[in-house]
Amino acid sequence: MLKVNVKGCESFVDAAKYDSYVQKALNAFDVLESEKGAGNDFLGWKHLPSETPVQMLADIDAICANWKAKGVDLVIAIGIGGSYLGAKCVIEALSHNFGRQLKKKDAPEVVFAGNNLSEEYLAELMDLALERNVACIVISKSGTTTEPAVAFRIVKQYIEDTYGKAEAAERIVAITDAARGALKTLSTQEGYKTFVVPDNVGGRFSVLTPVGLLPIAAAGFDIRELLSGALAAEKALAVKSKDNPAVVYAAMRNLLFSELGKKVEILVNYNPKLTYVAEWWKQLYGESEGKDGTGIFPASVNNTADLHSMGQFIQEGSRVMFETVLHVEQAQRRVIIGSDEQNLDQLNFLAGKHVEHCNHMAELGTKLAHIDGGVPQMEVAFEKVDARNLGELLYFFEFACGVSAYALGVNPFNQPGVEAYKKNMFALLEKPGYEEATKAIQARL
Ligand code: PA5
């Protein structure tokens, strides 16, 4: 199981205070486990790893096999927020950094759309589609979100025009609510294969449902391994203990926030493959905790690159942040630094060393420097970036999020604030039903 190390916070916090926050986290753990807290109708994610239907995995395999037989080499996964970031983060973490340039073709390339309203993005996506053999996964739990709906209208039209309507039904899969929403109605009418986002699983907690699993499997990655890691975490984290990693993480971040005024948590990685893990984590914690005028602002940096851009601020700027470092114990590839007779770059002191050794020393040096600069450090340590460890990591962050948000005193499972921009956008776009809002908003311009 991954480990949470809080040694880098010890010089900032009083031990008795920490114990009191562990107690708060243990109380919050009880609320989560009793399934009687606020938002308790959205706890389906807790048992997804242990209750994954075998038939659902077989259906996912069948779709991937069918697309392979048709020679599909581009899958467009349409969705936004929780209907996008889980799949994106796992695919990015497991992909070869240069797979596209190497033209590795063991599985289709999965690209994402519907997570923005950029006209250029969609036009350029269609440039790519023209050169490729295309299938599409459209994902929207509500089935009514504007960004994916706009993208899907365009991609659907392209697929129908290119392959015909009957074949389009073989190439489009929808993942949505069991019974409600425009996407459900459309899928039924068009005869698309559909998967259900369970009613009791919110978008940002849905990576281990078909929302995440189908695009990840379509990209050629092992979803059973991902689920096995998540299952290990489901079992380990269900044990009530002050050493439970979710309790430790929740206790320390709440203490740093409430007692030391650390309003910003920066999730730090030292491996570019983890960039989108941070994007997924930001949604998870931002939407779950940022409400009722409280919450830690989740931010991220990709090191060592960002040490040369954000490093100055983190070292010496406003003292509002703490860091949580994703510490990966082993690189899965080996590159040894060679020796050079002339040594003009003066790097011979590193000859014979692995690049990852330098990476770890950069990480350690940064940790100590940031502690000296007044930035508490936590570490989430795991063995390597593979499907099993990722499954464990994602489940850990979900579970810890529930504990942490309850300890903070907010409902982790709603997101009332997400609606505000939508109302304004619909009013500005003059959507039917928004006539009064349109008049009111135009008067403000
Ligand atoms: O976490 C959430 O619930 C949201 O961020 C949603 O995932 C996002 O708004 C997309 O919603 P939908 O899947 O209904 O299109």
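Both counts, for ligands and for their atoms, begin at 1 and track the order of listing. This chain uses plain numbering: 1 for the first residue, then up along the sequence. Heavy-atom basis, side chains included; hydrogens, waters and symmetry copies ignored.
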Taking only non-hydrogen atoms of G82 and a 4.0 Å limit, the atoms of ligand 1 in range are 5 (O), 6 (C), 7 (O)
Practice problem: Return the orientation label for the Y158 and Y163 ring planes: parallel under 30°, perpendicular over 60°, tilted otherwise. | Solution: perpendicular
Quick note on ligand 1: atoms under 4.0 Å from a heavy atom of Q283 include exactly 1 (O), 2 (C), 4 (C), 5 (O), 7 (O)
So for ligand 1, is K422 a polar contact partner (N or O within less than 3.5 Å, distance only)?
no
Worksheet item: Would you say G81 has any N or O atom under 3.5 Å from an N or O of ligand 1, going by distance alone?
Response: no
Quiz prompt | Aromatic Y21 / basic K17 pairing, under 6.0 angstrom, 45° off normal | solution = no
Exactly one of L255, L256, T324, V6 clears side-chain contact (heavy atoms from CB on, under 4.5 Å) with P376, and that residue is L256
Exercise for the section: Consider ligand 1: state whether an atom of it lies below 4.0 angstrom from any non-hydrogen atom of I80. Expected result: yes
In this structure, atom 3 (O) of ligand 1 is nearest to the protein heavy atom G203 N, 3.6 Å
Atom 11 (O) of ligand 1: of T145, I78, N115, I175, the nearest heavy atom sits on T145
Under 4.0 Å from one or more heavy atoms of S83, ligand 1 contributes atoms 7 (O), 12 (P), 13 (O)
So the atoms of ligand 1 within less than 4.0 Å of a heavy atom of S142 turn out to be 12 (P), 14 (O), 15 (O)
### Query
Does E147 have a non-hydrogen atom less than 4.0 Å from ligand 1?
no
Counting from 1 in the order shown, the ligand 1 atoms closer than 4.0 Å to a non-hydrogen atom of E287 are 1 (O), 2 (C), 4 (C), 5 (O)
- [ ] Using distance alone, with no hydrogens and no angle criterion, decide if E363 and N359 have a side-chain donor and acceptor under 3.5 Å apart.
- [x] no
- Message: Classify the ring geometry of W45 against Y395: parallel below 30°, tilted from 30° to 60°, perpendicular beyond 60°.
- Response: tilted
With the threshold set strictly below 4.0 angstrom, can you tell me whether any protein non-hydrogen atom sits that near atom 5 (O) of ligand 1? yes
*Within 45° of the ring axis of F382 and under 6.0 Å from its six-membered ring centre, is that where the NZ or CZ of K3 lies?*
no
- Does the distance from a Lys or Arg side-chain N to an Asp or Glu carboxylate O, for E167 and R171, drop under 4.0 Å? yes
For K384 and N389 the tightest heavy-atom approach is O-CB, 3.0 Å
